[in-house]
Amino acid sequence: MKRILMALSLLPGITGYGQQQLPSLQSLSLPSAPGFMLVDLAPSLAEMPTTPRELTVGALHALDAQGGWPQNYAVETAPYWWRGTARSAYDVLGIRSDGTSRPFAGLRLASVSAAFVTRDLIPDGTAAQQRVASGGARARLLSFRSAAQKQRIDSGVRAWLAQAAQDLSDADPLLQAVPLTPADLQAIVDQKAARDRQPGSVAQRLSQTLSEKPVFTLDLAGAYGVYGIGDTAWKTGRYGAWLTAGLHVPLARPANAGAKPSYLSVLALGRYLYDAYAPGAGGPAPSGMLDAGGRLQAEIGRFSIGFEGVLRGYTRNEVGDRLTHRAVGTFSYQIRNGLCLNGAFGRNFDSPDRLISLFGLSFGFGDTPLVLPGDPSAGGTGSN
Amino acid sequence: MDAYQAGTATDPVFLAADINTVGLAHTRAVVRAPQAGSPVIASVASRDASGDISPTILAAAAQCAGNTLVVATQISLITLPEEEREAECTRLSATYSLEGGTGGPVTYDAPDEKVVSTDGSTVVLRKLVQLTA
């Protein structure tokens, strides 16, 4: 089966009639690493240090290996993970030990990204490359759960604690004042893990509760990039900001444990991008672009359908329309783990015939289902 | 095995445990004779899912002397997506502090054993300290 999937994945995607330029469904979504996205960088290998020492060693190695300014060095990290102390489960659960909510808990998990590359980002007809440095940050500003969600999380945590207290009884081998062999210890731990994998176990019920989307989320990202012109001048190249607010209304709780819940989501999207060297009729010129819009999306089990509408205005522009818009309908059906059917149809901002269409099959390996851009369940913790 | 000089006085010996993890954690510490199945002389436990034990009276120094302190922590990483658990298994740590005995304040900056389940979802930490007179 795997060989069949591998062969099919090498085939080009099926495209609809009238397609000109495939739209990027993620082009307006909050970027996971704004420092990379600002300079059109998709690093083949981004370092994700978890300690200051790892960051320093990685940076020095990149500078040393490439003899000066790196050709392609990117790093993304969340300083929270560097802390040697004072980390607890309540930082990621979004509640306190007494069950009250912590709506700003996501700020602790803010991530930063930086890219140092050498490439030609100025469309001036010459092949000269610039040294580019870009930095960005992303954070979940707010996250609200309903009272029922908080109560389920608190109950689940208390149930887990009660179970753990039962485990660590006087007779438990872990609390015997004698050494245990590595094999014995491994068997004890694996037994606990096997119990937690059982459907309906305390751990599984809590895990399903934690996978529920918050009722409201607010995410912010920003990035700033500078270009090194020649050997001495550094000039602002690009900067941008992204803001996404999401309201997620559960339609129904799944009847079976492990089944996907259904949601109706309303997302408000905003983005501002400034490019000091945007292509223009008379050569590169500054241009600002403001996008504002929203998405309505319904997820019912394995099926997802949505509509996105965005208005775009140019604040300083020498080419193109001053006001344009995009309206795209999308759908997705998860046939099975690692196999999804996706489609999109609508109008893009400035494609030549203003018609986009995309119909294809996405192949992948693994258990995680397709997640549409902007979904708060995609990388919400930001750990690195 | 580390050792701590508790002494023979009636003064209390204090224990603190700082478990550094974003997984659900529960810690229990007991004092008992160094034989399998010996009765528990003293016991303290964490109160919430942080697994931390605030500085707490463990037992009188005289009660501790000649016995062994065993601290076990059970951690579940279901609070994290599967792809982030391996990194957390590497990051998580624990420190233990004893004071009040004739050995003065002592801090142990790592458990003796850290065992990760085969599926990476569960971790157990264990620390043994011989309590001497």
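By convention in this document, chain letters (A, B, ...) are assigned in the order of the sequence lines, proteins followed by strands, and residues within each chain are numbered from 1. All figures in this text were calculated on a predicted structure; none of them were measured in a lab.
The two residues Val22(B) and Tyr80(A) make their nearest non-hydrogen contact at CG1-OH, 3.3 Å. Shortest non-hydrogen contact noted between Val70(B) and Leu175(A) is CG1-CA, 3.8 Å. The minimum heavy-atom distance between Ala89(A) and Ala49(B), with the atom names listed, is CB-O, 4.1 Å. The shortest non-hydrogen separation linking Asp48(B) to Tyr90(A) is CB-OH, 3.4 Å. Considering every non-hydrogen atom in both Ala177(A) and Ala33(B), the closest pair reads CB-O, 3.5 Å.
With chain A as the partner, the residue from Thr68(B), Val40(B), Val115(B) showing the most heavy-atom pairs under 4.5 Å is Val115(B). Across Asp98(A), Leu180(A), Asp91(A), the residue that shares the most heavy-atom pairs under 4.5 angstrom with chain B is Leu180(A). The choice from Ala29(B), Ser50(B), Ala25(B), Ser38(B) that makes the most heavy-atom pairs within less than 4.5 Å of chain A is Ala25(B). Contacts with chain B were tallied for Asp167(A), Asp196(A), Leu206(A); Asp167(A) has the most, counting heavy-atom pairs under 4.5 Å. Among Ala165(A), Pro182(A), Ser97(A), the residue with the largest count of heavy-atom pairs under 4.5 Å with chain B is Ala165(A). When each of Gln74(B), Gln130(B), Gln35(B) is checked for heavy-atom pairs under 4.5 Å with chain A, Gln74(B) comes out on top. With chain A as partner, the option from Ile78(B), Leu24(B), Ile19(B), Asp119(B) having the largest number of non-hydrogen pairs under 4.5 angstrom is Leu24(B). Per-residue heavy-atom pair counts under 4.5 Å with chain B were compared for Gln191(A), Arg158(A), Gln186(A), Gln204(A), and the maximum is reached by Gln186(A).
Heavy atoms closer than 4.5 Å to chain A are found nowhere in Ala94(B), neither backbone nor side chain. Only the backbone of Pro173(A) comes within less than 4.5 Å of a heavy atom in chain B; its side chain stays farther off. Looking at Ala45(B), neither its backbone nor its side chain comes within 4.5 Å of chain A, counting heavy atoms on both sides. Of the atoms belonging to Ile188(A), not a single heavy atom falls under 4.5 Å from chain B. In this structure, chain A has a heavy atom under 4.5 Å from the side chain of Ser121(B), while its backbone stays farther away. Residue Arg195(A) touches chain B through its side chain alone, counting heavy-atom pairs closer than 4.5 Å. Both the backbone and the side chain of Leu174(A) come within less than 4.5 Å of a heavy atom in chain B. Contacts of Val178(A) with chain B are made by both backbone and side-chain atoms, with heavy-atom separations under 4.5 Å. When heavy atoms are compared at a cutoff of 4.5 Å, Val116(B) approaches chain A solely by way of its backbone atoms N, CA, C and O. Using a 4.5 Å cut-off between heavy atoms, Arg197(A) touches chain B through its side chain atoms alone. Heavy-atom distances place the side chain of Leu210(A), and not its backbone, under 4.5 Å from chain B. Using a 4.5 Å cut-off between heavy atoms, Ala194(A) makes no contact with chain B at all.
A 4.5 Å side-chain heavy-atom check between Glu88(B) and Arg87(A) finds at least one atom pair inside the cut-off. Using a 4.5 Å heavy-atom threshold, the side chains of Arg126(B) and Leu185(A) count as touching.
The number of heavy-atom neighbours closer than 6.0 Å to CZ of Arg47(B), taken from other residues, nucleotides and ligands shown, is 12 or below.
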Going through the distances and angles, do Gln176(A) and Arg32(B) end up as a side-chain contact (heavy atoms from CB on, under 4.5 Å)?
-> CA-CA 8 Å; Gln176(A) 300 306 308; Arg32(B) 64 199 320 173; 3.5 Å; yes

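Between the side chains of Asp190(A) and Ser117(B), not a single donor N or O lies within less than 3.5 Å of an accepting N or O.
Taking the charged nitrogens against the carboxylate oxygens, Arg28(B) and Asp170(A) do have a contact shorter than 4.0 Å, which makes a salt bridge.
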